[in-house]
Amino acid sequence: MANDIEFTNMDFEEDKYSRFKLISWWDQDILKNAKIMVVGAGALGNELVKNLALLGVGNVFVFDMDKIESTNLTRSVLFRMSDVGKYKAEVISERAEEINPDVKVIPFVANIIDDVGLGVYRRMDVVLGGLDNREARLSINQNCYRVNKPWIDGAIEVLNGFARVFVPGQGACYECTMTETDWMLINKRKSCALLSNEQMNEGKIPTTPTSSSVIAGIQVQEMLKLLHSERKLPILAGKGYVFNGLTHDSYVVEYQEKPDCMSHDIYPEIEEKQWSVHSESIKTVADQIKSDMGENVIVEIDRDIATNAECTCGESKVLLVPVHKLNASMLTCSKCGKQMRFNSKHTFDGTEDYSDKTFGEIGIPPLHVVKGRQGIETKYYEFTADYDLVFGKK
Ligand SMILES: [Zn+2]
Ligand SMILES: [Zn+2]
């Protein structure tokens, strides 16, 4: 009978995940409700998102600002020749939803360091990294710690790679693992940014679809275990799984936690304010925090803002952009052509002569968090009115 057939079809549909459910600790509902951030939509990102789609992870947020080039096609299972020139984040999201319509994938064409507010991290369960950039890793690491979220870093090179898990309060973080060479390369990159854009590239690393598949697989497996936290499965917190595909001597390394590490700052409580970075100015926020905490409060942000530039010839100009976004042309004196010196600031009291600028205008991303500080007392405030702007209408 027709009714019987319909029933059978429906039953089949609902049972799509039945093989997973044979795993004793598996809870498909946990995956369905999970919010996972994927940073980078390259070789690793493709494999990460593919796995998340197959597993039925309900809410995936993909961050990448680049467009697809033909050289990406050999390592990116979700890209096609016809996608060249389109944004990676957008194509990857479309394809993932084709693999599994149960999965909602939201693309963000954004720079992870400058454009993503802390409130985004705050709403995630786990963050997965598929990047080849130390500065971006450091930024993800700091943000994850501030809001007490685990993140899983992946890295690949030729036939090798590693996956590392960082859980606030459980051993080493990414910054703890950084060597002097890592810091040297970050600082070199920063100073290069003031010279030329070409020098900002860290260099191209040879990667293969095979190593990215292995490492992204490990990353997503660790994510599964983190999501099933009640099951107390062994996780790689503060450790790395080193895959040596050339010589087969894979192993786990435990990183040393550095007691003086600057990244272990967890924000205890974040107050949600009906503020938007596009409508609140430095002054209006300072005034509201003053009425909450007291007259001598200062507003502190997590990045340095270049306020103005001065030249030895006497010329000066207003900048008001994050130091990270400065480039050589912004600092070239229009009068004599020399490179100007700049002043920077990350605390404000609302009396600055540019305090009518909005937080958006000085480079603070939507849904971000600012600190109010008075003496030893610190409070954290989120620009929560930006929620719809970032995630779309609920
Ligand atoms: Zn650390
Ligand atoms: Zn000059």
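Atoms within a ligand are numbered from 1 in the order they appear, just like the ligands themselves.
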K.L.:
Report the angle formed at the Zn ion (ligand 2) by atom SG of Cys311 and atom SG of Cys313, rounding to the nearest 10°.
P.N.:
110°

K.L.:
Applying ring-ring contact (aromatic ring centres under 6.0 Å, His included), run through Phe166 and Tyr145 and close with a yes or a no.
P.N.:
CA-CA 9 Å; Phe166 302 111; Tyr145 267 69; 7.9 Å; no

K.L.:
Taking the side chain as every heavy atom from C-beta outward, state whether Glu272 and Tyr381 have any pair of such atoms under 4.5 Å apart.
P.N.:
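Glu272 vs Tyr381: side chains apart.
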
K.L.:
With the Zn ion (ligand 2) at the centre, find the angle made by SG from Cys336 and SG from Cys333, to 10°.
P.N.:
110°

K.L.:
Report, rounded to 10°, the angle at the Zn ion (ligand 1) between the two atoms SG (Cys176) and SG (Cys261).
P.N.:
120°

K.L.:
Given atoms NE2 of His264 and SG of Cys173, what angle do they subtend at the Zn ion (ligand 1), to the nearest 10 degrees?
P.N.:
110°

K.L.:
Answer yes or no: is there a side-chain heavy-atom contact under 4.5 Å between Trp183 and Met178?
P.N.:
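Trp183 reaches Met178 side chain to side chain.
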
K.L.:
Does Lys104 NZ have over 12 foreign heavy atoms under 6.0 Å away?
P.N.:
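Open: at most 12 neighbouring heavy atoms sit under 6.0 Å from NZ of Lys104.
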
